[in-house]
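Predicted model only: the values in this text are computed from it and were never measured.
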Amino acid sequence: MPAPLTAHVGVDTLTHGIEAFVSKKANPLTDPLALECVRLTAANLFTAWEEPEKPPGARAMMLAACLGGMAFANSSVCLVHGMSRPIGAMFHLPHGLSNALLLPALTRWSLPGRPWPAMHRSARLVGRRR
């Protein structure tokens, strides 16, 4: 898969996991799926992007995408996805790229509406990988 597509899909996957976990509709079924999605994405996205010929990173990202999909299908996505779709359509941006542009600012804006422990837990999983 080309590196830009890997990056876009990876950020979309990360956003699915974060939004499913911090959603007001999150529940005991979706929380572990969403957190594992975030953990796997944080641990493997750079490897999948830098070394596309090595299967472990790609396999982990496929699992993360599947878990994120199951999580948000049973909870919800939030404002990042709500705003990402029209921005992508208007400006012809890839979906993951529009998510990447919105995720930091909307996460900061959303902090007062979601209990701090949920946001903190997902942020710790992402950490600083570089």
Side-chain angles (χ1 to χ4, degrees):
M1 191 157 66
L5 183 57
T6 299
H8 299 156
V9 171
V11 171
D12 189 35
T13 298
L14 178 65
T15 306
H16 288 158
I18 292 171
E19 287 191 309
F21 185 61
V22 302
S23 169
K24 290 184 178 187
K25 295 180 180 179
N27 59 71
L29 170 70
T30 62
D31 284 352
L33 297 171
L35 289 172
E36 185 63 2
C37 168
V38 171
R39 188 193 71 74
L40 282 169
T41 303
N44 293 285
L45 178 55
F46 284 114
T47 302
W49 180 73
E50 291 175 331
E51 302 172 10
E53 70 285 349
K54 294 189 178 176
R59 279 193 207 113
M61 288 304 300
M62 286 187 277
L63 178 57
C66 181
L67 295 172
M70 290 190 299
F72 85 76
N74 289 285
S75 61
S76 182
V77 289
C78 302
L79 194 53
V80 173
H81 272 86
M83 291 179 67
S84 179
R85 290 182 190 112
I87 288 173
M90 285 185 69
F91 298 103
H92 307 286
L93 293 176
H95 179 64
L97 179 56
S98 58
N99 284 346
L101 295 170
L102 294 167
L103 185 60
L106 290 176
T107 300
R108 278 190 299 278
W109 183 83
S110 299
L111 280 173
R114 178 68 178 160
W116 173 250
M119 295 297 263
H120 185 253
R121 190 167 175 193
S122 61
R124 277 195 352 243
L125 286 173
V126 173
R128 190 171 172 97
R129 299 288 174 192
R130 297 201 148 219

| message | Using the rule given for side chain to side chain contact (heavy atoms under 4.5 Å, CB included), can you reason through I18 versus V80, listing the C-alpha separation, both sets of side-chain angles and the distance that settles it, and then say yes or no? | response | CA-CA 10 Å; I18 292 171; V80 173; over 6 Å; no
| request: Go through the steps for T47 and K54 under the test side chain to side chain contact (heavy atoms under 4.5 Å, CB included), then give the verdict. | output: CA-CA 8 Å; T47 302; K54 294 189 178 176; 5.7 Å; no
| task | Please assess N44 against R59 for the test side chain to side chain contact (heavy atoms under 4.5 Å, CB included), listing each intermediate value before the final yes or no. | result | CA-CA 9 Å; N44 293 285; R59 279 193 207 113; over 6 Å; no
| task | Start with the C-alpha distance between L14 and L45, add both sets of side-chain angles, then the distance that settles side chain to side chain contact (heavy atoms under 4.5 Å, CB included), and finish with yes or no. | result | CA-CA 9 Å; L14 178 65; L45 178 55; over 6 Å; no
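Atoms CD and CZ, from E36 and F21 in turn, are 12.5 Å apart once rounded to the nearest 0.5 Å. Once rounded to the nearest 0.5 Å, the distance linking OG of S98 with CE of M83 reads 10.5 Å. With rounding to the nearest 0.5 angstrom, the CG atom of L29 is 8.5 Å from the CE atom of M70. Note that CG of L102 is 6.0 Å distant from OG of S84, once rounded to the nearest 0.5 Å.
L40 and A64 get closest at one heavy-atom pair: CB-CB, 3.7 Å. Smallest separation of non-hydrogen atoms from H16 and V77: CD2-CG1, 4.2 Å.
Put simply, the side chain of T30 never gets that close to the backbone of A26: no donor and acceptor are under 3.5 Å apart. A side-chain donor-acceptor contact under 3.5 Å links N27 to the backbone of N74.
Side-chain contact check for N99 and H8: no donor-acceptor pair (N or O, by modelled atom type) lies under 3.5 Å.
No path of Ile, Leu, Val, Met, Phe, Trp and Tyr side chains, each step under 4.5 Å between heavy atoms, connects L5 with V11, placing them in separate hydrophobic clusters.
Considering only heavy atoms from C-beta on, H95 comes within 4.5 Å of R85 through its side chain.
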